[in-house]
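We're numbering straight along the sequence, starting at 1. Computation of the quantities below employed the complete heavy-atom set of this structure, encompassing side-chain atoms and omitting hydrogens, waters and symmetry-equivalent molecules.
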Amino acid sequence: MEFHLLGPLEVLHEGERLALGGVRQRAVLGFLLLHANTPVATRRLVDALWHDNEPATARKILQNAVSGLRRTLAAGSGPTHGATPYSLAAGHHGYVLHVPSHHIDLPRYARLVAHGRRRLAVGSWASAAQLLDCALGLWQGRALADLIEAGVAWPELTALEEDRWQVLSDKITADLMLGRVAEVTAELSVVTTAEPVRERLCAQLMLALYQSGRQADALERYRRAKAAIVGELGVSPGRELRDLERAILTQSPALSSPTAAARLFTRPPAPTTRLPPPRTARLAPGLPGERLTRGR
């Protein structure tokens, strides 16, 4: 079986999607997959599902969801002649979902990102770009997008989304170092229009435009970013963006250097997907059926 979290929640068996039940059952599966192969306390699961709206029957509902998920895992495993690699075990204080990590897209993403960032740190731009692009290619929308639309607001998902943007920025740095200015300009023109307050990506677009001989366009992008940041966040742009605008205005020779992107945008490799303790929002009663398209 294959378990997909980087988009709407899916479990595939021989290429076919398995029915995962209602919103509560899907939420239990999603939360356990975020912490696969790690014991999760019953109290933590209850908080993830209901937060401060816990009904009197919460533990019974949770038990029913777990029973339904066990049936799904058993059906997806098919006939076996030994122990199945998939199981949802109960302990004295909670549950643990046993799934081989290579069957879940999130650990695959994390491994690709870690490898890509190591290559980025040593200046292996082509391999870094390829690895990080492969990692981003695993995404099919926001992580657990269907549960988010149903009301889930777990901080694990916010952390994943932020990590995704940081990985895109790291990939863009490698692309800039490879001279892929036209490709970066095309990609980031779309991204920064949708996400105008992401300063690092705006700065990378400004550099790409400037290196293409488009100083005026680079400065216009700064003005757009500043207006969005002030309007949406109520603060001024950060120092990195302000310094880059100043360098573009003065046509600093450093910006034309082949190493400008590495000097401006590289940072030590960071661990991916460090998940904070959970916090939740109450689930909506149902799930929308719309599937999100891949976001890059």
Measure the shortest side-chain to side-chain distance between [X] and [Y] over non-hydrogen atoms and say whether it is less than 4.5 angstrom.
X	Y	answer
Y95	V28	no
K226	L241	no
V113	D170	no

In Å, rounded to the nearest 0.5 Å, how long is the span from [atom1] of [X] to [atom2] of [Y]?
X	Y	atom1	atom2	answer
L33	L9	CG	CG	6.5 Å
Q204	T173	CD	OG1	4.0 Å
L244	Y222	CG	OH	9.5 Å

Would you say the side-chain atoms of [X] pair up with the backbone N or O of [Y], donor to acceptor, closer than 3.5 Å?
X	Y	answer
R200	F265	yes
Q25	L20	yes
E199	G238	yes
T72	G68	yes
S169	L201	no

Legend entry - Charged N-O contact under 4.0 Å between R164 and E161: yes
Inset, instruction - Answer yes when E187 and R180 have at least one side-chain N-carboxylate O distance shorter than 4.0 Å, and no when they do not. - result: no
Inset, instruction - Would you indicate whether Q215, at its atom CD, is surrounded by more than 12 heavy atoms from other residues, nucleotides or ligands within a distance under 6.0 Å? - result: yes
Inset, instruction - For atom CZ of R239, decide whether the heavy atoms of other residues, nucleotides or ligands shown that lie under 6.0 angstrom number more than 12. - result: no
Legend entry - Residues that L131 engages under side chain to side chain contact (heavy atoms under 4.5 Å, CB included), provided they are two or more places apart: L112, H115, R119
Legend entry - Residue pair R246, D243: steps toward the salt bridge (charged side-chain N to carboxylate O under 4.0 Å, His left out) verdict: CA-CA 5 Å; R246 190 176 303 112; D243 287 351; 2.9 Å; yes
Inset, instruction - Anything under 30° is parallel, anything over 60° is perpendicular, the rest tilted; go ahead and classify H103 against Y86. - result: tilted
Inset, instruction - Just jot down the salt bridge (charged side-chain N to carboxylate O under 4.0 Å, His left out) partners of E54, sequence neighbours excluded, or say none. - result: R43
Inset, instruction - Is it possible for you to say whether L12 and L6 belong to one hydrophobic cluster, with membership spreading through side-chain heavy-atom contacts below 4.5 Å? - result: no
Inset, instruction - Could I get the full list of side chain to side chain donor-acceptor pair (under 3.5 Å) partners for D217, not counting sequence neighbours? - result: R214
